[in-house]
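Contents: one structure, followed by commentary.
By convention in this document, chain letters (A, B, ...) are assigned in the order of the sequence lines, proteins followed by strands, and residues within each chain are numbered from 1.
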2 protein chains.
Amino acid sequence: MSKRPVSLKTLAQALNVSISTVSRALRNHPDIGPELTQRVQQLAQELRYSPNPLAMGLLKNATRIIGVIVPALVTHFFASIISGIESVAIEHGYYIVIRCSYESFEKEQECLANLLQLRVEGIIMCLSQETKTYAHFDALLAAGTPLVFFDRVCRSTEVPTVVVDNQAAACRITRHFVAQGRRRIAHIAGPPALNISQERVAGYREGLAAEGLAFDAQLLVPSDLSAESATAATQQLLALPQPPDAIFGVNDTTAFAAMKEIKRQGLRIPADVALVGFTDEYHATVVEPMLTSVMHPTFEMGRTAALLFLEQAQGQVPPRQMVLATQLVVRESSGQKS
Amino acid sequence: MSKRPVSLKTLAQALNVSISTVSRALRNHPDIGPELTQRVQQLAQELRYSPNPLAMGLLKNATRIIGVIVPALVTHFFASIISGIESVAIEHGYYIVIRCSYESFEKEQECLANLLQLRVEGIIMCLSQETKTYAHFDALLAAGTPLVFFDRVCRSTEVPTVVVDNQAAACRITRHFVAQGRRRIAHIAGPPALNISQERVAGYREGLAAEGLAFDAQLLVPSDLSAESATAATQQLLALPQPPDAIFGVNDTTAFAAMKEIKRQGLRIPADVALVGFTDEYHATVVEPMLTSVMHPTFEMGRTAALLFLEQAQGQVPPRQMVLATQLVVRESSGQKS
DNA sequence: AAGCTTTGCGCAAAGCTTTGCGGAGAAAAA
DNA sequence: TTTTTCTCCGCAAAGCTTTGCGCAAAGCTT
């Protein structure tokens, strides 16, 4: 058990004045004489007084805590976003409490309820893969609790969101493949319910169309974003009568898994199959060949999400939809066809 | 601004009874009649009442929040540990608030003060690289606030800690190299102030001695655990008149950087230089050649740290030192010399 | 010197919960 | 019928902070 820290009461008793006087002295209220103010502040320093956030929270109905829900913690992607959120939060005197939904709809609901019990001032989150209905946010919205989505979003007319230019990026990748002499371009997509999957598929098809290539449903394989499903998807693609000469993975994890499988089958990258990922994590430069990927501004996405939260917390401004720009970082894995 | 949530007062007014009666009814106090108890509980359900943690915290002097300080967030290692801490915390009704010291001693002190202001019930942390003095923990210990260190530790007689068998693991690596025909074994070490660096160096030297190899100071190069410094260290090693035929990196980041540099210089792994890392992150199986590494039970380390915290929070038990076992996972990068 | 304005500080309430104690009414005992 | 004993509930305090209001003493005006 830790002892109770020093409170206004402690100071008041030590100085033989009232609690309210101490409170005012600390905030330099003109009602308190300069000499007393001085004495109070000095003692507060010595005893390292700091206001009790629980009492303040009770009074102001504000905990200065932001709840953050991510589908997974152990990924470069989400860790970096959390880092961005934290940096802004700290700058503005907020704390963040992290919860992980483990890509489960049920857990996502639990986390939400759990954080609301804590009386967080708002929620910044990324939808789980399983989330297909959005009614569990009704209570939040009704209560006026700020909510911000990043990357995987929904209800964008009511809720502020931060996303990247998924469609444009996917289109760019597809056209890049064509420029490198590829004609059979495959896409390992994400879960169909997610906006990121949909938008990247849209960009993929837009790119094909722009280059005069027909869309072949066989070349579009869904995954659950995991390495395992990506490996399976790659096997399926490579087993096709006319296998692809280029693969666009919905994220880097997918691309890494595809890379492993392609190499395992004795094919060369990029000579036989070109490969591009999405996110551009650190390891993209470590693997061989180095992975071409879309640079996803993860840290910036976190910061932006936090800023959108602050915006909502200040006053009821209309929800904004932020779209962050990505950049295609061309490396070895998408070189010329041999 | 979000509205005030339903409180005991809300329920009391709705049912026209006193607040204390509602409080007792909800906790099934025998003083309250069964019929009234029933009505109170039902209304509480309907209105989704949940006790205000701030009020409870004020009363019980317990926030049910654990502060967690890590030197870095965007790493597989710390993300996984945090994940472990979170899982135990949730199971026991605690929340965790994350702060990042960015490997800075100054920021570490800030984080600590900041979390104490929040009135966390305890701190679970990993020392920053720069931390060489430990006086900033005095106040914590004096106040009786539980403190737990993981991985990088200090003051182990007063504070519970969780570490891995660093020395044994490093010794095992060194002897594994010898078994693979290596004689000039180098070690890219961590910052000398950290116990993990010291223990791994000790294990490295123990292994050399056990195999009858002389210690060569030139083959021991420190790093700050970053990829950049590891690259520099590798260059330094490879430029030696008698370059090493094996390199043991203090962590996987270091090893990945070394791998990149070795390959850049046109040397083959493991034919010319064998390589082993420490942590065994996911990407160890993605790079080429696949990296031999020490499997570090990160998630388990997080869980153990959280359990040690709980132990301290329950009652003042003597601090325990936990040592988790690692395992050498042999892959391609440490194969036979050609 | 009497009345008025300042100056400087304390009281109390609100925010939410738990809990010891007291008290009113009814049922049981004498 | 009177006293005792339950039964069932409310009051109030504590935990900490802020803030409107009141009050006393000192200073000022005329």
Between B:Arg152 and B:Glu103, does at least one N-O distance fall below 4.0 Å, as a salt bridge requires? yes
Once you build an axis from the first five pairs and another from the last five of the helix from C:dA1-D:dT30 to C:dA30-D:dT1, how far apart in angle are they, to 10 degrees? 70°
Could you tell me whether the phosphate oxygens of D:dG15, OP1 or OP2, come under 4.0 Å of any side-chain nitrogen or oxygen in B:Lys60? no
Where the side chain of B:Arg24 is defined as all heavy atoms beyond and including C-beta, which of C:dT17, C:dC21, C:dC9 is the nearest nucleotide? C:dC21
Does OP1 or OP2 of D:dT18 have a side-chain N or O of A:Arg27 closer than 4.0 Å? yes
Tell me: CZ of A:Arg64 to P of D:dT17, nearest whole Å? 17 Å
Any side-chain heavy-atom pair from A:Val162 and A:Phe149 closer than 4.5 angstrom? no
When you check the phosphate oxygens OP1 and OP2 of C:dC9, does a side-chain N or O of A:Thr21 lie under 4.0 Å from one of them? no
Any N or O donor-acceptor pair under 3.5 Å from the base of C:dC9 to the side chain of A:Ser20? no
Any N or O donor-acceptor pair under 3.5 Å from the base of D:dC8 to the side chain of B:Asp31? no
Looking just at side-chain N and O atoms, do A:Thr37 and A:Arg27 make a donor-acceptor pair shorter than 3.5 Å? no
With DNA chain D as reference, determine whether A:Leu59 or B:Asn16 sits nearer its 5' end, using the nearest nucleotide of each. B:Asn16
Sequence-distant partners of B:Glu91, side chain to side chain contact (heavy atoms under 4.5 Å, CB included), two or more places apart: B:Arg303
Got B:Glu121 and B:Ile66 here, is their nearest side-chain heavy-atom distance under 4.5 Å? no
Is any side-chain nitrogen or oxygen of B:Ser18 closer than 4.0 Å to OP1 or OP2 of D:dC9? no
Whole Å only: how far is the NE2 atom of A:His29 from the P atom of C:dC9? 12 Å
Decide yes or no for A:Ile123 and A:Leu140: does some side-chain heavy atom of the first lie under 4.5 Å from some side-chain heavy atom of the second? yes
Which whole-number value in Å describes the distance from B:Asn61 CG to C:dT18 C1'? 15 Å
Does A:Arg4 make a side-chain N or O approach to OP1 or OP2 of D:dA14 shorter than 4.0 Å? no
What is the distance, to the nearest angstrom, from the CG atom on A:Leu54 to the C1' atom on D:dG15? 10 Å
A:Ile32 atom CD1 is separated from D:dG20 atom C1', nearest whole Å, by 14 Å
Non-hydrogen side-chain atoms of A:Val6 and A:Arg48 separated by less than 4.5 Å: no
Counting distance alone, no hydrogens or angles: does the base of C:dG15 have a donor or acceptor under 3.5 Å from a partner atom on the side chain of A:Arg119? no
Separation of C:dC9 atom P from A:Asn28 atom CG, nearest Å, is 14 Å
Near B:Glu46 CD, under 6.0 Å, is it more than 12 heavy atoms from other residues, nucleotides or ligands? yes
Tell me: CG of A:Asn52 to P of D:dA14, nearest whole Å? 17 Å
Nucleotide C:dG20, atom P - distance to CD1 of B:Ile19 in whole Å: 18 Å
Comparing nearest nucleotides in DNA chain D, the 5'-proximal residue of the pair B:Leu58, B:Val22 is B:Val22
Which of the following nucleotides, C:dT17, D:dT18, D:dA12, is nearest to the side chain of A:Met56? D:dT18
At 4.0 Å (heavy atoms only), tell me whether B:Ser7 reaches a base, stays on the sugar-phosphate, or touches nothing. sugar-phosphate
